[in-house]
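Presented below is the structure to which this report refers.
Note on naming: letters A, B, ... go to the chains in the order of the sequence lines (proteins, then strands), and numbering restarts at 1 for each one.
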Protein chains: 2
Amino acid sequence: MKEIEKTLENKSVRPTAMRILIYKYMAEKEIAVALTDIENAFAKADRTTLYRTLKTFEEKGIVHQIDDGTNISKYALCEPGCNCEIEQDLHLHFHCNNCDETVCLTEHKIPQVNLPDGYVAEDANLVIKGICEKCSGQ
Amino acid sequence: MKEIEKTLENKSVRPTAMRILIYKYMAEKEIAVALTDIENAFAKADRTTLYRTLKTFEEKGIVHQIDDGTNISKYALCEPGCNCEIEQDLHLHFHCNNCDETVCLTEHKIPQVNLPDGYVAEDANLVIKGICEKCSGQ
DNA sequence: GCAATAAATGCACTTCCGTTGCACGGTTTA
DNA sequence: TAAACCGTGCAACGGAAGTGCATTTATTGC
């Protein structure tokens, strides 16, 4: 538990009770979570607090935002090797069409793409949709 | 003009005046358009009509929907070689961070990605963000 | 051509998510 | 201790997607 506090402090985020809970929740989940997910998990917490906490986490490089094509912003904790705050975050995400969950495939990087002349790439987002490990195994 | 009518009829879509106008509008634009764009272009048309027209076009394989990460659904006409109604549409899209426009790079296909065991890919979406041809040239 | 049917359109409304303004309260700092 | 700052909670706004129903327009069968 103290580890979470340290992690937050290292990222210049004051470790309040709420923030620690949210961090813990996201650490336990292995999938990307939406604001609504956290809201449901902490019924007593206010939406705005969660919203701003995620924004703070994102700015400080604690989580990264994921656009998985559902038009609902999701977030996942940055892995130790995640450089999304410095460079573009180039790992890809997988969205399961069955269970509707989204996971980071941090070890899978987005392949380099040759763009036409005049186009300058700054960021990339690759989402693979299909059936995830859990759902295909059943 | 008659060509558009034929195109729609070939796709089993009745060529009404509104639909022809929308098709023409999208054909003249070289970028992906949002519902709001069409709404602004045809002030007298109703939102619902445009919305349902796009849905119909999508079902019939006339346009494909694009998720460019702006959380606003955009649409672009399918090219002759576009197989998005049969298989997954594997070309990538480019979103300009400067002019906020999104274009199809139909000749650029999404590279094959090796997924971990148990994951089955059904669809893929790759969006490159950066500066487009028009904006970088200035 | 006319009535019956089906399709397309228009209007009103709802819902969901993201976002912001403002006020309160606790914590830190001078 | 007072002042400043930051986190939190409440309320409300706004954009976009989506739905139900009435009305108009087009198609079909007689």
Side-chain angles (χ1 to χ4, degrees), chain A residues 4-5 7-9 11-26 32-60 62-76 95 100-102 125, chain B residues 4-25 32-60 62-76 95 100-102:
Chain A
I4 295 179
E5 289 189 33
T7 304
L8 295 182
E9 281 173 353
K11 298 283 189 175
S12 310
V13 172
R14 289 226 299 246
T16 67
M18 200 68 238
R19 286 169 175 175
I20 293 173
L21 282 175
I22 294 174
Y23 189 98
K24 199 180 164 208
Y25 173 78
M26 294 184 74
V33 298
L35 179 58
T36 308
D37 296 331
I38 309 181
E39 200 181 359
N40 293 334
F42 301 98
K44 59 186 177 299
D46 185 76
R47 215 183 146 68
T48 314
T49 303
L50 305 175
Y51 170 76
R52 289 200 251 245
T53 300
L54 287 174
K55 283 289 175 199
T56 304
F57 280 8
E58 192 188 0
E59 285 169 11
K60 303 294 183 172
I62 297 172
V63 304
H64 59 267
Q65 189 173 6
I66 300 170
D67 167 31
D68 63 1
T70 59
N71 276 359
I72 298 173
S73 293
K74 296 185 180 165
Y75 300 84
H95 177 77
D100 209 49
E101 291 185 348
T102 300
N125 184 36
Chain B
I4 295 179
E5 289 189 34
K6 276 187 185 174
T7 305
L8 295 182
E9 282 173 352
N10 285 340
K11 298 283 188 174
S12 310
V13 173
R14 290 226 301 245
T16 67
M18 200 67 238
R19 286 170 175 175
I20 293 172
L21 281 175
I22 294 175
Y23 189 98
K24 199 179 164 208
Y25 173 78
V33 297
L35 179 59
T36 309
D37 296 332
I38 308 181
E39 199 181 359
N40 293 335
F42 303 99
K44 59 187 178 301
D46 186 76
R47 244 190 113 69
T48 313
T49 303
L50 304 175
Y51 172 76
R52 288 200 251 245
T53 298
L54 286 174
K55 283 289 175 199
T56 303
F57 280 9
E58 193 189 0
E59 284 169 12
K60 303 295 183 169
I62 297 172
V63 303
H64 60 268
Q65 190 173 4
I66 300 170
D67 167 32
D68 62 1
T70 60
N71 276 359
I72 299 173
S73 291
K74 296 185 179 166
Y75 299 85
H95 177 77
D100 209 48
E101 291 184 348
T102 300

Is any side-chain N or O of Thr48(A) under 3.5 Å from a base N or O of dC10(D), one able to act as donor and the other as acceptor? yes
Just compare dT8(D), dG7(D), dG10(C) and give me whichever is closest to any side-chain atom of Thr53(A). dT8(D)
Reckon Thr16(B) has a side-chain N or O less than 4.0 Å from the OP1 or OP2 of dA8(C)? no
Counting just side-chain N and O atoms, does Arg19(B) come under 4.0 Å of either OP1 or OP2 of dA8(C)? yes
Is Asn125(A) reaching over with its side chain to a backbone N or O of Asp67(A), donor-acceptor style, under 3.5 angstrom? yes
Remember a base hit wins even if backbone is also touched, and classify Arg47(A) as base, sugar-phosphate or nothing at under 4.0 Å, heavy atoms. base
Should Tyr51(A) be listed as having a side-chain N or O under 4.0 Å from OP1 or OP2 of dT19(C)? yes
Side chain Asp37(B), main chain Ala34(B), donor-acceptor under 3.5 Å: yes
So does Ser73(A) reach the base of dC17(C) with its side chain, donor to acceptor, closer than 3.5 Å? no
Heavy atoms, side chains only, cut-off 4.5 Å: are Lys74(B) and Leu35(B) in contact? no
For Lys55(A), which contact category applies under a 4.0 Å heavy-atom criterion: base, sugar-phosphate, or nothing? sugar-phosphate
Classify the side chain of Arg52(A) and the base of dG18(C) as holding, or not holding, a donor-acceptor pair under 3.5 Å. no
Checking dT9(C), dA12(C), dG9(D) against the side chain of Met18(B) (C-beta onward), the nearest is dT9(C)
